[in-house]
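Single-structure report; data block below.
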2 protein chains.
Amino acid sequence: MAPTIKHVAKLANVSVATVSRVINQSKKVKQATRIKVEQAIEQLNFTPNALGRNLSTAHTKSLGVVIPSLSNPVFADAVSGINQQAKSRGYTLMFTSTDYVAQDELQAVTSLLAYQVEGIILTVANPIDNQALNLLIKNKIPYVLIYNQASDAQHPVVTIDNINSGGGVAQKLLDLGHIKLAMISGNFAASDRARARKQGFVDTITSAGHPTPLIIEVDFIEPDLDEILPPIFADPFTAPTALFCSNDLLAISVIGALGRMGLNVPHDISVIGFDGIAIGAHLHPTLSTVIQPSHKMGLVATQQLLDNINGQDYHKTVILPHIIRTGESAGIVPSVQINL
Amino acid sequence: MAPTIKHVAKLANVSVATVSRVINQSKKVKQATRIKVEQAIEQLNFTPNALGRNLSTAHTKSLGVVIPSLSNPVFADAVSGINQQAKSRGYTLMFTSTDYVAQDELQAVTSLLAYQVEGIILTVANPIDNQALNLLIKNKIPYVLIYNQASDAQHPVVTIDNINSGGGVAQKLLDLGHIKLAMISGNFAASDRARARKQGFVDTITSAGHPTPLIIEVDFIEPDLDEILPPIFADPFTAPTALFCSNDLLAISVIGALGRMGLNVPHDISVIGFDGIAIGAHLHPTLSTVIQPSHKMGLVATQQLLDNINGQDYHKTVILPHIIRTGESAGIVPSVQINL
DNA sequence: ATGAAAGCGCTAACAG
DNA sequence: CTGTTAGCGCTTTCAT
């Protein structure tokens, strides 16, 4: 049995209250007794049981994290930022990934609540009328969304402007002379940001008077691109000359699949991704993409959350700036190139 | 104030014991009372407080995870496997990354112990005489190492054979005709597996009668390769023709830096990485590397740990198979190529 | 400065 | 089948 505060008290010949005071650095303990207690603690190799403390104080110094996947560096980087900030403020993290299963969100949050986390940072499939979020609200547990689209300021969120950035991608492609555009995305149902990016992308294109781009929806986990892509490029007259991918991981796979189809990027077709994962800059061709500040997003979200928890001022909505990185994977439209 | 078991009991006109029985699916409750209680629970929107239960049962259903970094997909994948297995067994995860700061290991484990996790999965800088590990042993907390070198079966570990795989890389390079070899690695002090890989690499080379390869140690977080690499290739007579990188992320950066130096991989120099991160297969050139089954490692480690916790049989040491992937980044030695 | 005791939310004998 | 009660380990008044 692990030693408890009682064992320490007995060994040091003091009351448990005094031991508690020593543990909690209370100033109101005589130097002599403090030393006595510290020696007993040392001797018994005593570590305070946080459960007892937490139950007593109703204050766990822990935060929950719920994200769709760790396999995407974008989320891993955010968790890294969360970890850094939480650690520096003395908070512990309880972590779950849902693997893009929306139903798991509720279960994850329920579990986190049972463990009495003081707040939760999450990315959900869809914040609108979301069960997990409703539960959080009902229980008055502070939370902040990351990555999710900022919807009507309904929820505290730290994110980027997905609509605007999707539009930026479209504009960039149009500027390069592309007209036959397409977007390929993970399940829209599993990602409100993908939907927002699509919206910005499509709106910008149609506003410019061009036809609505082709939208291709694929599975988040294992898209079978070798099956999906060829038909799209079967007819050279309708085949898109540029492809916007809803995330970098997908873009990288797409470039690979196009290669297997004999299509060269960017010579035959341009590809732009989204996320700005570090590795994109090392690829060949280097990946054109929208960089979101993932690490910072996690960091800022944690700051906001902790400020909220501690009753300090915080911003309900934080939109971090994104950067469109011009890589080699997006170039001028093939026909124009030929005319040069 | 969140409702407690007492509130539910009062509303349902039963004792707290009965409520507890309902919550815990005990069969010994009459159908009628069960329904009464469930309605009260529903009505009050009651969620059991795990702290109370945990304190009472001395059983938290939670596991700790301590890894060096989430920025490396290798660890993210392992955590993904851990998460999957833990979730399916009803365990919650408490997570910390140390960012390669060895001193943080002890602090992380101490904190996890305070929260009474039932077991811990970790990757440490050096398992030999490791403070965090000693603490775990002293407190009799089950744990299992992942990635770490299996050292004298001192610690339960799920890993690959780093020495053998390092040797495999050397052999492959020798087979390709390379003789002037070098290894570039993150701080050896922060990674026992890097040391093991080096050992296998060096031993195989010297055993084959070749000179000891050049060993270059760089920072794990931000190696300044543009500074470090050029001098090594200044003299074409001593410059290595093949480079073994201790991990894929490093290998990718190295290939980038070599490119900026005007050196082409694999034409001018071969590069082999280590880890087998998914993206390596999509690079150009595709990355030659040693694939470790990261997801599975996390999965198996969690299985082992839970089996241990639940008093079932488990294997103290599990060596998972690795695969050397032949990618385009490693080719035959330049001089040989010229002679063709 | 220190101790006694109540209580945090829940479980687990033990009765009945 | 259900209720009573004694903790689990710790904090926190309230006395002393």
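Computed from heavy atoms alone, side chains included, the values below leave out hydrogens, waters and symmetry copies. Order of the sequence lines sets the chain letters (A, B, ...), proteins ahead of strands, with each chain counted from 1.
- Straight-line distance from the NE2 atom of B:H59 to the P atom of D:dC8: 18 Å, rounded to whole Å.
- A:I35 has its CD1 atom 15 Å from the C1' atom of C:dA1, to the nearest Å.
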Which pairs, protein N/O on one side and nucleotides 10-12 of chain D N/O on the other, fall under 3.5 Å?
residue : atom : partner : partner atom : Å
D:dC10  : OP1  : A:N49   : N            : 2.6
D:dC10  : OP2  : A:I5    : N            : 2.5
D:dT11  : OP1  : A:N24   : OD1          : 3.3
D:dT11  : OP1  : A:N24   : ND2          : 3.1
D:dT11  : OP1  : A:R53   : NE           : 2.7
D:dT11  : OP1  : A:R53   : NH2          : 3.0
D:dT11  : OP2  : A:S20   : OG           : 2.7
D:dT11  : OP2  : A:N24   : ND2          : 3.4
D:dT11  : O4'  : A:S56   : OG           : 2.7

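- Judged by distance alone, the side chain of B:N139 and the main-chain N or O of B:I141 form no donor-acceptor pair under 3.5 Å.
- The side chain of A:S15 lies closest to C:dA4, out of D:dG9, D:dC1, C:dA4.
- Remark: P of C:dC10 and NZ of B:K61 are 18 Å apart, rounded to the nearest angstrom.
- No side-chain donor-acceptor contact under 3.5 Å links A:Q116 to the backbone of A:A58.
- Within the helix from C:dA1-D:dT16 to C:dG16-D:dC1, the inter-axis angle between the opening and closing five-pair segments is 40°, rounded to 10°.
- Dashed line: the shortest gap from a side-chain N or O of A:T33 to OP1 or OP2 of C:dT2 is under 4.0 Å.
- Tested against A:D192, the residues A:N126, A:N148, A:T123 include a single side-chain hydrogen bond (donor to acceptor under 3.5 Å, both in side chains) partner, A:N148.
- Between the side chain of B:S111 and the main chain of B:Q107, no donor-acceptor pair closer than 3.5 Å is present.
- Under a cut-off of 6.0 angstrom, the local environment of NZ in B:K36 is crowded, with over 12 non-hydrogen atoms contributed by other residues, nucleotides or ligands.
- Around NZ of B:K6, the count of heavy atoms belonging to other residues, nucleotides or ligands within 6.0 Å does not exceed 12.
- Summarising the geometry, the separation between CG on B:N54 and P on C:dC10 is reported as 11 Å, rounded to the nearest angstrom.
- The separation between B:Q116 atom CD and C:dG9 atom C1' is 16 Å, rounded to whole Å.
- Counting heavy-atom neighbours within 6.0 Å of B:Q312 CD, excluding the residue itself, gives a total above 12.
- What separates OH of B:Y115 from P of D:dG9 is a distance of 18 Å, to the nearest Å.
- Side-chain atoms of B:L55 lie closest to D:dG9 of the nucleotides D:dC1, D:dG9, D:dG3.
- No donor-acceptor pair closer than 3.5 Å links the side chain of B:Y143 to the backbone N or O of B:H155.
- Straight-line distance from the NZ atom of A:K10 to the P atom of D:dG9: 13 Å, rounded to whole Å.
- A perpendicular orientation is assigned to the rings of B:Y100 and B:F75, their planes being inclined by more than 60° (bins at 30° and 60°).
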